Asker: 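Sharing a structure with you now.
Model, not experiment: these values are computed from the prediction.
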Amino acid sequence: MIKRNILLNPGPSTTTDSVKMAQVIPDICPREEEFVELMKKMRKDLLKIVHADEKEFTSVLFCGSGTINIDACINSLLPENKKILVINNGAYSARAVEVCQYYGLDFIDLKFKEDEMVDLEKVEKTLKENPDIALVHTTHNETGTGLLNPIREIGALVHKYGAVFTVDTTSTLAMRPIDIKADNIDFCMASAQKGLMSMTGLSFVIGNKKIIEESKNYPKRSYYCNLFLQYDCFEKTGEMHFTPPVQTVYATAQALKEYFEEGETAKWERHLRVYREIRKNALELGFKEVIKEENQAGLVETLIYPDDSNWDFKKIHDYCYERGFTIYPGKISDANTFRLCSLGAIDQDDIKEFFKVFREALDFYGVNIPIIYNN
Ligand SMILES: *Cc1c(COP(=O)(O)O)cnc(C)c1O
């Protein structure tokens with residue numbers, strides 16, 4: 001029926017046919033009760049994914065890609081005359097820093113190398129020396145490299161110094177298990193097309209109700225993506241402030257059903273099985289990885305380009321793409337890398353098939369196996 005492509009890029013991910021087909025529905029105005037009920041259930045289901053208690057937490061949906069969540073959290077949750085600390089060891093935290101710059105916020109960019117773990121002592125020192133920090137932001141799985149940050153430990157420090165902790169969980173939520181309370185998270189976020197294996201255009205923030213309500217009186221820095229405004233609209237009417245991505249909402253309702261059918265543990269084990277298959281095959285070919293094994297999130301494998309004059313990423317990409325497999329460039333400033341990810345409705349056998357094609361591509365273009373590096 002629908003051609004099945006294996007997406008090894010870091011989202012959007014491969015979806016099931018049932019999720020694709022769930023978008024095909026009779027036309028409906030999203031202000032109808034039927035649609036309002038659909039979103040109401042969705043907001044509750046999203047809480048369950050991160051084991052959030054309905055009394056304390058809420059979820060707020062936005063029409064947009066995942067970056068809208070970063071934007072909304074940062075522009076909405078910083079009180080007047082306070083500072084935001086971004087713990088930054090990769091492309092997605094760097095994006096959060098840019099959001100701070102665009103809004104003219106008072107921020108500290110606490111930078112670490114992209115292949116290095118966050119130094120908790122430096123985090124604590126920064127919090128101690130800057131008592132005006134009210135908000136701390138970081139990324140769970142740095143999708144640019146696949147590095148997993150110690151959010152539970154960071155969160156404990158953030159709370160020790162009385163600040164609010166927002167975590168970009170876009171590339172872990174609904175894959176790697178998250179427990180919002182135990183992980184010391186006040187706000188986490190994702191888009192429908194990554195862990196949930198749904199379509200693009202719907203994103204959501206899951207966070208502490210009381211903090212959102214307090215933010216009502218914070219400076220309003222955006223009209224379209226203010227967190228309190230969107231929350232308040234949902235609470236009062238059950239609707240998104242402005243037009244929602246209707247068909248993606250239907251697809252996501254189906255994706256949530258399939259998420260709970262597969263189950264948190266089984267789904268995470270599947271992603272991990274896929275990841276291990278990717279890693280095993282890549283290392284067997286002789287590729288070098290960027291992130292040390294103990295720091296890998298198990299979802300994004302970043303590999304260094306060979307020092308081989310026959311290696312041309314675009315050609316290898318095109319060869320695989322024509323055969324239904326999508327590979328993706330890296331996002332790290334000082335090395336040429338590419339990424340193979342374990343998101344989506346795929347399993348170990350898909351990876352075995354991929355590596356047959358990938359190896360064929362290397363042979364076809366005369367790239368040496370094992371992979372050559374000069375140092
Ligand atoms: C995908 C992703 C986002 C959102 O990126 P968009 O380009 O807006 O879809 C944000 N943070 C992380 C960690 C991501 O992996």
Asker: Specify whether F287 and W311 have parallel, tilted or perpendicular ring planes, treating 30° as the upper limit for parallel and 60° as the lower limit for perpendicular.
Answerer: perpendicular
Asker: Salt-bridge test for E277 and K280: reply yes if a basic N is under 4.0 Å from a carboxylate O, no otherwise.
Answerer: yes
Asker: Do R4 and D17 meet the salt-bridge criterion of a basic N to acidic O distance under 4.0 Å?
Answerer: no
Asker: A side-chain contact here means heavy atoms from C-beta on lying under 4.5 Å apart; do L7 and Y328 qualify?
Answerer: no
Asker: Hey, what do you get for CG (N149) to CZ (F112), rounding to the nearest 0.5 Å?
Answerer: 9.0 Å
Asker: Can you see whether Y319 has R323 sitting over its ring - NZ or CZ less than 6.0 Å from the centre and within 45° of the normal?
Answerer: yes
Asker: Taking OH in Y373 as the centre, count heavy atoms belonging to other residues, nucleotides or ligands within less than 6.0 Å. Is the count above 12?
Answerer: yes
Asker: Examine the side chains of T16 and E258 and answer whether a donor and an acceptor come within less than 3.5 Å of each other.
Answerer: yes
Asker: Are any of the side-chain heavy atoms of L46 and L173 separated by less than 4.5 Å?
Answerer: no
Asker: State plainly whether the residues R270 and D347 are in salt-bridge range, i.e. N to O under 4.0 Å.
Answerer: no
Asker: Would you say NZ of K220 has more than 12 non-hydrogen atoms from neighbouring residues, nucleotides or ligands within 6.0 angstrom?
Answerer: yes
Asker: Is any NZ, NE, NH1 or NH2 atom of the basic residue among D232 and K236 found under 4.0 Å from an Asp or Glu carboxylate oxygen of the other?
Answerer: yes
Asker: Looking at every non-hydrogen atom in both residues, tell me the closest pair between R359 and L285 and how far apart they are.
Answerer: NH2-CD2, 3.4 Å
Asker: Between the side chains of N368 and D308, is a donor N or O closer than 3.5 angstrom to an acceptor N or O?
Answerer: no
Asker: Between Q230 and N226, do the side chains contain a donor N or O and an acceptor N or O under 3.5 Å apart?
Answerer: no
Asker: When rounded to the nearest 0.5 angstrom, what distance separates OH in Y259 from OG1 in T252?
Answerer: 14.5 Å
Asker: Walk me through whether K82 and D106 qualify under salt bridge (charged side-chain N to carboxylate O under 4.0 Å, His left out).
Answerer: CA-CA 7 Å; K82 296 285 182 183; D106 195 358; over 6 Å; no
Asker: Strictly below 4.0 Å, N to O, side chains only: are K257 and E261 in salt-bridge contact?
Answerer: yes
Asker: Check the side chains of H140 and T169 for a donor-acceptor pair under 3.5 angstrom, ignoring hydrogens and angles.
Answerer: no
Asker: How about T326 and N9: does a side-chain donor come under 3.5 Å of a side-chain acceptor?
Answerer: no
Asker: Check for a donor-acceptor pair, side chain of S203 on one end and backbone N or O of N69 on the other, with a separation under 3.5 Å.
Answerer: no
Asker: So, taking the atom named OH in Y92 and the one named CD in E142, what distance separates them when rounded to the nearest 0.5 Å?
Answerer: 8.0 Å
Asker: Can you confirm whether the side chains of H159 and D186 place a donor and an acceptor under 3.5 Å from each other?
Answerer: yes
Asker: Should the pair K160-E124 be classified as a salt bridge under the 4.0 Å nitrogen-to-oxygen rule?
Answerer: yes
Asker: Between S342 and H271, does any side-chain donor sit less than 3.5 Å from a side-chain acceptor?
Answerer: no
Asker: Taking atom CD as the centre, does E34 end up with more than 12 heavy-atom neighbours from other residues, nucleotides or ligands that are less than 6.0 angstrom away?
Answerer: no
Asker: Taking K210 first and then E56, would you say they form a salt bridge - that is, a charged N and a carboxylate O separated by under 4.0 Å?
Answerer: no
Asker: Are L340 and Y275 grouped together when hydrophobic residues (ILVMFWY) are joined by side-chain heavy atoms under 4.5 angstrom apart?
Answerer: no
Asker: Would a 4.5 Å heavy-atom cut-off, applied to side chains only, mark F204 and F62 as touching?
Answerer: no
Asker: Hydrogens and angles aside, do S215 and S76 bring a side-chain donor and acceptor to less than 3.5 Å of each other?
Answerer: no
Asker: Salt bridge (charged side-chain N to carboxylate O under 4.0 Å, His left out) for D45 and K48? Distances and angles first, verdict last.
Answerer: CA-CA 5 Å; D45 280 346; K48 287 183 201 149; 3.2 Å; yes
Asker: At what distance, to the nearest 0.5 angstrom, does CD of E289 lie from CG of D115?
Answerer: 12.0 Å
Asker: Give a yes-or-no answer on whether the side chains of K111 and N89 include a donor-acceptor pair shorter than 3.5 Å.
Answerer: no
Asker: Thinking salt bridges, do E54 and K44 make one under a 4.0 Å N-O criterion?
Answerer: yes
Asker: What's the shortest heavy-atom distance between L148 and M117, and which atoms?
Answerer: O-CE, 3.1 Å
Asker: Ignoring hydrogens and angles, state whether a donor on the side chain of Q254 or Q23 is under 3.5 Å from an acceptor on the partner side chain.
Answerer: no
Asker: Is any side-chain N of the basic residue among E239 and R31 closer than 4.0 Å to the acidic one's carboxylate O?
Answerer: yes
Asker: In Å and rounded to the nearest 0.5 Å, what is the CG to CZ distance from D349 to F354?
Answerer: 15.0 Å
Asker: Find the distance between OG1 (T302) and NZ (K288) and round it off to the nearest 0.5 Å.
Answerer: 15.5 Å
Asker: Any side-chain to backbone donor/acceptor pair from R339 onto E301? Under 3.5 Å, distance only.
Answerer: no
Asker: Pick from L127, V164, I84: which one makes a side chain to side chain contact (heavy atoms under 4.5 Å, CB included) with V136?
Answerer: L127
Asker: Do Y224 and H241 have side chains that approach each other closer than 4.5 Å (heavy atoms only, starting at C-beta)?
Answerer: no
Asker: Going through the checks in order, is the salt bridge (charged side-chain N to carboxylate O under 4.0 Å, His left out) test met by K356 and E360?
Answerer: CA-CA 6 Å; K356 278 185 206 159; E360 234 174 68; over 6 Å; no
Asker: Using distance alone, with no hydrogens and no angle criterion, decide if Q193 and S13 have a side-chain donor and acceptor under 3.5 Å apart.
Answerer: no
Asker: With side chain to side chain donor-acceptor pair (under 3.5 Å) as the test, would you mind laying out the steps for S65 and S191 before giving the verdict?
Answerer: CA-CA 6 Å; S65 79; S191 51; over 6 Å; no
Asker: Indicate whether the side chain of D71 and that of Y103 have a donor and an acceptor atom separated by less than 3.5 Å.
Answerer: yes
Asker: Could you tell me whether E293 and R279 make a salt bridge, using a distance below 4.0 angstrom between a side-chain N and a carboxylate O?
Answerer: yes
Asker: Over all heavy atoms of both residues, which pair between L38 and A253 is shortest? Give the atoms and the distance, please.
Answerer: CD1-CB, 3.9 Å
Asker: Of R43, K216, K209, which is the lone residue that meets salt bridge (Lys or Arg N to Asp or Glu O under 4.0 Å) with E235?
Answerer: R43
Asker: Is there a side-chain contact (heavy atoms from CB on, under 4.5 Å) between V123 and I87 once you walk through the steps?
Answerer: CA-CA 8 Å; V123 172; I87 300 167; 3.9 Å; yes
Asker: Quick check on the hydrophobic clustering: are I304 and V300 connected, directly or via other members, by side-chain heavy-atom contacts under 4.5 Å?
Answerer: no
Asker: Take L227 and F187 through the test side-chain contact (heavy atoms from CB on, under 4.5 Å) and record every step on the way to the result.
Answerer: CA-CA 11 Å; L227 190 59; F187 292 88; 3.9 Å; yes
Asker: Strictly by modelled atom types, are T143 and S171 linked by a side-chain donor-acceptor pair under 3.5 Å?
Answerer: yes
Asker: Is there side-chain contact between I133 and Y161, with at least one heavy-atom pair below 4.5 Å?
Answerer: no
Asker: CZ of F358: more than 12 outside heavy atoms within 6.0 angstrom?
Answerer: yes
Asker: Is K3 close enough and on-axis enough to F325, meaning under 6.0 Å and within 45°, for cation-pi?
Answerer: no
Asker: More than 12 heavy atoms of other residues, nucleotides or ligands under 6.0 Å from CZ of R276: yes or no?
Answerer: no
Asker: Does CZ in F260 sit with more than 12 non-hydrogen atoms of other residues, nucleotides or ligands closer than 6.0 Å?
Answerer: yes
